[in-house]
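Since the structure comes first, as structure tokens, the remarks are kept for the end.
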Protein chains: 2
Amino acid sequence: MELRQLKYFLKAKELLNFTEAANSLNISQSTLSQQIKQLEDELQISLFNRIGKRITLTEAGALFSGFALQSISKANEGFQLLKDLNNLNTGKIAIGVTYALRDILTQTVIEFNTKYPEIEFEIVFGTSKELIEKLNHFELDVILTFEEIITENHFKYQALFTSPMTLVTATESALKNKKSISLKDISKLSLALPAKGYSTTQFISDAFAKSKLHPKVAIEINDIPTLLELVKSGNWYTILTQTTIKNEKGISCIPIEGKNMTRTAMIISIKEVYEKKAVKVFLDILKSLL
Amino acid sequence: MELRQLKYFLKAKELLNFTEAANSLNISQSTLSQQIKQLEDELQISLFNRIGKRITLTEAGALFSGFALQSISKANEGFQLLKDLNNLNTGKIAIGVTYALRDILTQTVIEFNTKYPEIEFEIVFGTSKELIEKLNHFELDVILTFEEIITENHFKYQALFTSPMTLVTATESALKNKKSISLKDISKLSLALPAKGYSTTQFISDAFAKSKLHPKVAIEINDIPTLLELVKSGNWYTILTQTTIKNEKGISCIPIEGKNMTRTAMIISIKEVYEKKAVKVFLDILKSLL
DNA sequence: AGCATCAATCGATAAAACCGATTTGTAAAA
DNA sequence: TTTTACAAATCGGTTTTATCGATTGATGCT
């Protein structure tokens, strides 16, 4: 059992196709086939079912894959630690972020980059659900999102700031002079909301359910800039945290009445995983900008 | 970076001597030297300082070794899981135990072995300190001991039963008719106690300190059967949990007065590590015997 | 039936892990 | 200081194995 074989196995598991996996790994199909077989021989159990010309993962393969991933990850974390030890002249930060936190992220990336121009970024926008999935697969170092209802034990949470939930309107709206608005009043309006999966949408539907109200949802959409365009048209309203529309023109926001109508921005990372020095510095800059 | 190299590295780290490490690994010193060098080249950092003819671990080596161990352990845990998946016809249980729990261990091992004769045992008697050290190095699957003052976050603790602290005397002792005894009275007696490192000794000295008393410790000894022989002579007394001397002949015990004069037997294992099926079954049998 | 696809297998090659012998460098002993 | 002993590094050669391309065999699709 070698790390090489574990890598091969995981790629084959991911694609469930030896030929494609071999291409992806830049080895021949024959090599991959042999190495998987060798691993199976050593483990004395099949990792894949060969059903005709297609393969599926066995129960053993499914159970084993978690450990294989952990084994590789630990080795990589060790490697990463050594790189960091030298300096911040190399490396990559992978950050997941919800659209609402775009502004603070952008500021931080710009400032970080002037100080450490060699560090690469991978920035992934997505729903909380998608980001947490990626975090769990070690595809992201850290994510920035709002607090979740369910907290997971192996995550580390750091609160950043709170932001009120607001009704977002076109600037020239009938409601433009209101200082605040109730959920009941909102339930009379035609709404365009972020798609399910966005934590904001979950939060809103929970809030309405608690008040035994039903929002009029005319549009669900999974792209926030487009959502804002729709709102600017004046035909619909939406509900977002105030932070989301900071620096946006042509729209205004009205705080929603009621306690607990605020959300807390969070940094989420995996507890037991070594935190890259570059990530630490990045987060320090982020916090200093608040 | 391959698991093979990580294993070589860890053995070299352990022995801090390439020649001995190579022997222990059944490879030549030249191979070990080359493989370590190759690993260092890949990691672009030295893992060992070569000071003359002797080697020491660098800071990088020390930091990296934890990840190397984790990487290997995760791979091994995956392997173990697959073995367990098949059956309980193979495998090994490594148990650490303090002498006090010898009786319950023995019963469990006997019963387990009649059901699963293929499973091997490695049984290590030692002080709590020694056992916890071994548990942390993945040399033991589980340990049986009394509760510690300090609990560690990455351990899982399962309470088994409580046992009173007792003064142990030769059966034909001047104290034989006493139903209980105070710490103050004990402080007048000549004691033989288990060596430092035994959790019982720690517990006793704490108890005396709280009562501002000083025990008369005539003998410290790191072997419990011998300790009991000394007590049987009638020249000394000792303090042990009642469980420890269950089924021992020629000695009697007198409960010690005062609250908190009991200890709780514990199963301790590492939280995040996969628990072997055989270990689970073993512990189930152990609990059923209580 | 014929074709396309994919994993397994075969034989050959290139890479690498490995070994024994030797060298180099240091520390301890004389 | 010189000698001796020891331990890691290096060298050249051998063995092992990872890899490849080509082929085979089995399956699903048209």
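The sequence lines fix the lettering, A, B, ..., with proteins before strands; numbering per chain opens at 1.
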Next item on the list: May I ask you to decide if the ring planes of Y116(B) and F112(B) are parallel, tilted or perpendicular, using 30° and 60° as cut-offs?
Entry: tilted
Restricting both atoms to N or O, compile the protein contacts to nucleotides 19-26 of chain D shorter than 3.5 Å, with distance only.
from, atom 1, to, atom 2, distance (Å)
dT19(D), OP1, Y8(A), OH, 2.9
dT19(D), OP2, Y8(A), OH, 3.4
dC20(D), OP2, S28(A), N, 2.5
dC20(D), OP2, S28(A), OG, 3.0
dC20(D), OP2, T31(A), OG1, 2.8
dC20(D), N4, S30(A), OG, 3.3
dC20(D), N4, Q34(A), NE2, 2.9
dG21(D), O6, S30(A), OG, 2.8

Next item on the list: Hey, could you give me the CZ/CG distance between F282(B) and L105(B), rounded to the nearest 0.5 Å?
Entry: 5.0 Å
Next item on the list: Would you jot down, in residue-number order, the residues of residues 12-23 of chain B having a non-hydrogen atom under 4.0 Å from DNA chain C?
Entry: none
Checklist line | Separation of dT10(D) P from I36(B) CD1 (nearest whole Å) | finding: 14 Å
Notebook entry, point to check: Taking atom P of dT26(C) as reference, at what distance in whole Å does atom CD1 of I55(B) sit?
Noted result: 15 Å
Checklist line | Test side chain to side chain donor-acceptor pair (under 3.5 Å) applied to Q80(B) and D84(B), step by step | finding: CA-CA 6 Å; Q80(B) 183 64 49; D84(B) 289 1; 3.1 Å; yes
Next item on the list: I would like to know whether I224(B) and F125(B) meet side-chain contact (heavy atoms from CB on, under 4.5 Å); could you show each step before the answer?
Entry: CA-CA 11 Å; I224(B) 307 295; F125(B) 282 91; over 6 Å; no
Margin query: For residues 13-27 of chain B, which residue pairs pass the salt bridge (Lys or Arg N to Asp or Glu O under 4.0 Å) check, not counting sequence neighbours?
Written below: K11(B)-E14(B)
Next item on the list: Using a cut-off of strictly less than 4.0 Å between a heavy atom of the residue and any atom of DNA chain D, enumerate the qualifying residues of residues 42-49 of chain A by number.
Entry: none
Next item on the list: Between dA8(C), dA16(C), dA9(D), spot the one nearest the side chain of S33(B), thanks.
Entry: dA9(D)
Notebook entry, point to check: In whole angstroms, how far is the P atom of dA17(C) from the CD atom of Q5(B)?
Noted result: 6 Å
Note to self: According to salt bridge (Lys or Arg N to Asp or Glu O under 4.0 Å), who are the partners of E220(A), at least two apart in sequence or on a separate chain?
What the structure shows: K196(A)
Notebook entry, point to check: dT17(D) P sits how many Å from L39(A) CG, rounded?
Noted result: 15 Å
Check: Which whole-number value in Å describes the distance from E2(A) CD to dA17(C) C1'?
Finding: 11 Å
Notebook entry, point to check: Quick check: does any side chain N or O of Q44(A) sit under 3.5 Å from a backbone N or O of K83(B), one acting as donor and the other as acceptor?
Noted result: no
Next item on the list: Step by step, work out the side-chain contact (heavy atoms from CB on, under 4.5 Å) result for S71(A) and L3(B).
Entry: CA-CA 9 Å; S71(A) 178; L3(B) 289 176; 4.0 Å; yes
Check: Short question: side chain of S33(A), backbone of Q29(A) - any donor-acceptor pair under 3.5 Å?
Finding: no
Note to self: Could you tell me how far apart Q38(B) (CD) and dA16(C) (P) are, to the nearest whole angstrom?
What the structure shows: 8 Å
Item checked: Aromatic ring proximity, centroids under 6.0 angstrom, F48(A) and F9(A) -> yes
Checklist line | Pairs involving residues 26-40 of chain B, ordered by first then second residue, that meet salt bridge (Lys or Arg N to Asp or Glu O under 4.0 Å) (sequence neighbours left out) | finding: K37(B)-D41(B), E40(B)-R50(B)
